[in-house]
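Have a look at the structure below, then the notes.
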Amino acid sequence: MNENLFSSFTTPTMMGLPIVVLIIMFPSILFPSPNRLINNRLVSLQQWLVQLTAKQMLTTHNHKGQTWALMLMSLIMFIGSTNLLGLLPHSFTPTTQLSMNLGMAIPLWAATVMVGFRHKTKACLAHFLPQGTPFPLIPMLVIIETISLFIQPVALAVRLTANITAGHLLMHLIGGATLALMKISTSTALIAFTVLVLLTILEFAVALIQGYVFTLLVSLYLHDNT
């Protein structure tokens, strides 16, 4: 069990070629675009959830920030669906890869920063030096604020990677313990299986919450720069 503990996090290949691109593109199939005059219940539920999330997330944004609505909704749907599909047996979760999460976080963070420097140059530069700072502390505060700015995309990616990876590892460990206990004590194995079921339900919630948290933080960075 210890040898295969991290096997679910390795990039899958087919004929020696990585197929992670196909896996990343697969969730888009789950969200069909409406092409009828009257939508079915699934599409209506999907549109209602998207509108509810967009309304809650973009309420505090001005007009410039609301132009990012399509990007933010696509981001939360992609991360949420990818996390949910990763809970299926023998599946691969791309969001457990730090490289992929950095690939999402860095461009989005850089775009929000560039928007801020373009439209609110003085306000963005003022963040590096709070008002009323003593003169001897100015160089140190500028360095600290610069580091805190550049660490934002790293925090975004590490938070998503750590939460999804920890849940998958815990499910793997409890599942392996349940199989091992079946040969020793049936009652104990039943308790472990109950814990595994409850943890799986929790992971479904975590999969959606992490997608919302990632998108919400990007939205907050955008709000600070528009």
Side-chain angles (χ1 to χ4, degrees), residues 1-2 4-14 17-33 45-46 49-50 52-54 56-58 68-113 150-176 196-222:
M1 183 177 66
N2 295 330
N4 299 324
L5 186 60
F6 295 95
S7 60
S8 60
F9 302 111
T10 58
T11 304
T13 58
M14 181 181 295
L17 299 174
I19 58 174
V20 65
V21 177
L22 298 178
I23 297 175
I24 293 175
M25 295 174 60
F26 180 74
S28 61
I29 305 176
L30 304 178
F31 300 100
S33 57
L45 178 62
Q46 172 188 328
L49 289 175
V50 170
L52 180 65
T53 307
Q56 182 179 2
M57 191 172 297
L58 300 173
W68 283 55
L70 180 60
M71 171 68 73
L72 296 176
M73 291 303 102
S74 301
L75 181 65
I76 190 173
M77 291 172 65
F78 171 74
I79 297 177
S81 58
T82 303
N83 292 343
L84 289 176
L85 290 174
L87 295 174
L88 297 176
H90 304 287
S91 60
F92 173 72
T93 313
T95 48
T96 58
Q97 306 296 313
L98 183 60
S99 58
M100 174 180 167
N101 295 335
L102 284 173
M104 292 190 297
I106 292 177
L108 291 171
W109 165 82
T112 59
V113 172
F150 281 96
I151 210 171
Q152 288 178 352
V154 180
L156 271 178
V158 171
R159 181 185 293 107
L160 179 59
T161 304
N163 282 280
I164 301 302
T165 303
H168 282 48
L169 287 176
L170 193 56
M171 290 175 62
H172 188 281
L173 291 172
I174 295 179
L196 180 61
V197 172
L198 295 176
L199 180 62
T200 304
I201 297 174
L202 177 63
E203 283 302 310
F204 273 98
V206 170
L208 296 175
I209 291 172
Q210 288 304 314
Y212 178 78
V213 169
F214 189 96
T215 310
L216 180 62
L217 290 175
V218 174
S219 175
L220 291 177
Y221 296 156
L222 177 64

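Source: prediction; values computed, not measured.
A heavy-atom distance below 4.5 Å is found between the side chains of T200 and M171. Between R159 and L156, the closest side-chain pair of non-hydrogen atoms falls below 4.5 Å. L202 is not listed as a side-chain neighbour of L198, based on a closest heavy-atom distance of 4.5 Å or more.
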Candidate pair M73 and W68, rule side chain to side chain contact (heavy atoms under 4.5 Å, CB included), full reasoning:
CA-CA 9 Å; M73 291 303 102; W68 283 55; over 6 Å; no
Go through the steps for L217 and Q152 under the test side chain to side chain contact (heavy atoms under 4.5 Å, CB included), then give the verdict.
CA-CA 9 Å; L217 290 175; Q152 288 178 352; over 6 Å; no
What do the steps show when you test M71 against L108 for side chain to side chain contact (heavy atoms under 4.5 Å, CB included), and what is the final call?
CA-CA 10 Å; M71 171 68 73; L108 291 171; 4.0 Å; yes
Could you walk me through whether Q210 and I164 satisfy the side chain to side chain contact (heavy atoms under 4.5 Å, CB included) test, starting with their C-alpha distance in whole Å, then the side-chain angles of each, then the deciding distance to 0.1 Å, before giving a yes or no?
CA-CA 8 Å; Q210 288 304 314; I164 301 302; 4.2 Å; yes
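In this structure, CG in L220 is found 9.0 Å from CE in M57, a value given to the nearest 0.5 Å. With rounding to the nearest 0.5 angstrom, the CZ atom of F150 is 11.0 Å from the CD1 atom of I106. For the atom pair W109 CH2 and L102 CG, the distance stands at 12.0 Å (nearest 0.5 Å). Annotation: the span from F214 atom CZ to L160 atom CG amounts to 6.0 Å, rounded to 0.5 Å. Here the straight-line distance linking atom OG1 of T95 with atom CG of N101 works out to 6.0 Å at 0.5 Å rounding. In this structure, CG on L87 lies 6.5 Å from OG1 on T93, to the nearest 0.5 angstrom.
With hydrogens and angles ignored, the 3.5 Å screen pairs no side-chain donor or acceptor of T165 with any backbone N or O of A162.
When each of T215, L72, T82, V50 is paired with M77, the side-chain contact (heavy atoms from CB on, under 4.5 Å) condition holds for V50 and for no other. Under the side-chain contact (heavy atoms from CB on, under 4.5 Å) test applied with L208, the options I76, V213, L84, N83 reduce to a single match, L84.
For the pair E203 and G167, the tightest heavy-atom approach, listed with the atom from each and the gap, is OE2-CA, 3.3 Å. Nearest heavy-atom pair across P153 and A105 is O-CB, 3.5 Å.
Within a 6.0 Å radius of CD1 in I151, other residues, nucleotides and ligands contribute 12 heavy atoms or fewer.
Residues meeting the side-chain contact (heavy atoms from CB on, under 4.5 Å) test with I201, sequence neighbours left out: V197.
For the residue pair H168 and T96, no side-chain donor N or O sits within less than 3.5 Å of a side-chain acceptor on the partner.
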